[in-house]
Amino acid sequence: MVDPLSMAAIMAVLGAMGSGMASEAGKSAWESAGALVRRMVGREVVAPTGPEEREAVARLIRQCPQ
């Protein structure tokens, strides 16, 4: 079962990064976070642009072994 608090926290961070994607700082933030997500899930993950995509990425992150 996915912990709703963890999902909410992950989605909040992804949402904050997504809102800044138009700036260079936002793009840099996703590059750093994207590299971490890629290492965690073992594959390339496209930057989420909407709520459904953020939730999908959050689920990938949450399902990774601790």
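The structure displayed is predicted, hence computed values, not measured ones.
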J.: Less than 4.5 Å apart, any side-chain heavy atom of I61 and any of V37?
T.: yes

J.: Tell me every residue that passes side chain to side chain donor-acceptor pair (under 3.5 Å) with E53, counting only those two or more places apart in sequence or in another chain.
T.: T49

J.: If a pair satisfies salt bridge (charged side-chain N to carboxylate O under 4.0 Å, His left out) and one of its residues is in residues 39-51, list it, with sequence neighbours excluded.
T.: R38-E44

J.: Could you work out, with salt bridge (Lys or Arg N to Asp or Glu O under 4.0 Å) as the rule, every residue matching E55, not counting sequence neighbours?
T.: R59

J.: Return the set of residues passing side chain to side chain donor-acceptor pair (under 3.5 Å) with E52 (not counting sequence neighbours), or none when no residue passes.
T.: none

J.: Say you draw a straight line from CZ of R62 to CE of M40; how long is it, rounded to the nearest 0.5 Å?
T.: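 Reported to 0.5 Å precision, the distance equals 10.0 Å.
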
J.: Taking all heavy atoms of R54 and all of P48, pick out the closest pair and write down the distance.
T.: N-CB, 3.5 Å

J.: Please find the pair of heavy atoms, one from V45 and one from L60, that lie closest to each other, and give the distance.
T.: CG2-CD1, 4.3 Å

